[in-house]
Amino acid sequence: MTKVLMVCLGNICRSPLAEGLLQEKVNAEKVQVDSAGTSNYHIGKEPDSRSIAVANKNNLDITQQRARQFSVADFDEFDYIYVMDNSNFADVISLARNAEDEKKVKLILNELYPNEDKDVPDPYYGGDQGFDNVYKMLDESTKIIAKKLNS
Ligand code: 4NP
């Protein structure tokens with residue numbers, strides 16, 4: 001089993017979409033996807049209603065997800081850790097214990113735009129259009145990740 005973790009700040013907007021989008025594209029018997037937030041702001045909460053809505057619009061159900069906080073144990077549990085932005089990257093890397101931990105951490109948009117170190121913009125304080133934009137970016141990135149994992 002290959003295990004992939006999607007990480008953002010709150011684990012209610014971006015990473016729940018990334019989790020759902022990758023899970024629907026891979027063989028669930030071979031690949032398990034989870035998500036977490038670097039913060040403790042929303043532990044136990046369901047995804048933001050705007051993430052649920054954009055997912056629903058695209059026939060993806062993320063309502064069963066509940067927010068949790070990233071922890072050092074996740075470095076042992078997961079093979080790949082995709083972060084949504086550079087701030088998440090710094091936060092996760094700061095918890096890494098060694099080079100092996102560090103090697104697992106990647107900016108998700110580098111799958112789509114190699115080496116450009118782009119952020120998936122935080123849509124929390126914006127409007128619904130931000131969520132459509134985030135959905136598209138994550139759909140494209142997870143297609144590339146799924147192709148690698150399924151091959
Ligand atoms: P996320 O979005 O990191 O994509 O889940 C956010 C959710 C909540 C907050 C910030 C970003 N917040 O500050 O509460």
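Counting starts at 1 for both ligands and their atoms, in listed order. Positions are given from 1, in the same order as the sequence printed here.
Atoms of ligand 1 found under 4.0 Å from any heavy atom of C8 (numbered from 1 in listed order, with element): 1 (P), 3 (O), 4 (O), 5 (O). Each of the following atoms of ligand 1 lies closer than 4.0 Å to a heavy atom of G10: 1 (P), 3 (O), 5 (O). Residue L9 has at least one heavy-atom neighbour below 4.0 Å for each of these atoms of ligand 1: 3 (O), 10 (C), 11 (C). Close approach of ligand 1 to Y125 (heavy-atom distance below 4.0 Å) involves ligand atoms 13 (O). For ligand 1, the atoms lying closer than 4.0 Å to a non-hydrogen atom of C13 are 1 (P), 2 (O), 4 (O), 5 (O). Of all atoms in ligand 1, numbered sequentially from 1 with element shown, those under 4.0 Å from a heavy atom of Y41 are 12 (N), 13 (O), 14 (O).
For R50 (side chain) and F131 (main-chain N/O), no donor-acceptor pair under 3.5 Å exists by modelled atom type. N150 places no side-chain N or O within donor-acceptor distance of the main-chain N or O of V26, the cut-off being under 3.5 Å.
Under 4.0 Å from ligand 1, not a single heavy atom of F131 appears. At a heavy-atom cutoff of 4.0 Å, ligand 1 is contacted by the backbone of N11 but not by its side chain.
In terms of protein heavy atoms, atom 8 (C) of ligand 1 is closest to H42 NE2, 3.3 Å. Atom 2 (O) of ligand 1 has as its closest protein heavy atom D122 OD1, 3.4 Å. From the protein, the heavy atom lying nearest to atom 12 (N) of ligand 1 is Y124 CE2, 3.5 Å.
With L149 as the partner, the side-chain contact (heavy atoms from CB on, under 4.5 Å) test is satisfied by one option alone out of V4, N27, D79: V4.
Contact annotation: the side chain of K45 never approaches that of R66 to less than 4.5 Å [non-hydrogen atoms, C-beta and beyond]. Contact of the K104 side chain with the Y80 side chain is not registered, since no non-hydrogen atoms from C-beta on lie closer than 4.5 Å. Two residues are said to be in side-chain contact when any heavy atoms from C-beta on lie closer than 4.5 Å; F70 and N88 fail this criterion.
A donor-acceptor contact closer than 3.5 angstrom links the side chains of D117 and N110.
Looking at I12 next to ligand 1, an N or O pair under 3.5 Å apart turns up. Among the atoms of R14, some N or O lies under 3.5 angstrom from an N or O of ligand 1.
Proximity of M84 to ligand 1 is not established, as no heavy-atom distance is less than 4.0 Å.
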> Going through the checks in order, is the salt bridge (charged side-chain N to carboxylate O under 4.0 Å, His left out) test met by E111 and K106?
Replying inline: CA-CA 9 Å; E111 297 295 319; K106 297 167 193 298; 5.9 Å; no

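Salt bridge absent: E100 and K103 never bring a charged side-chain N and a carboxylate O closer than 4.0 Å.
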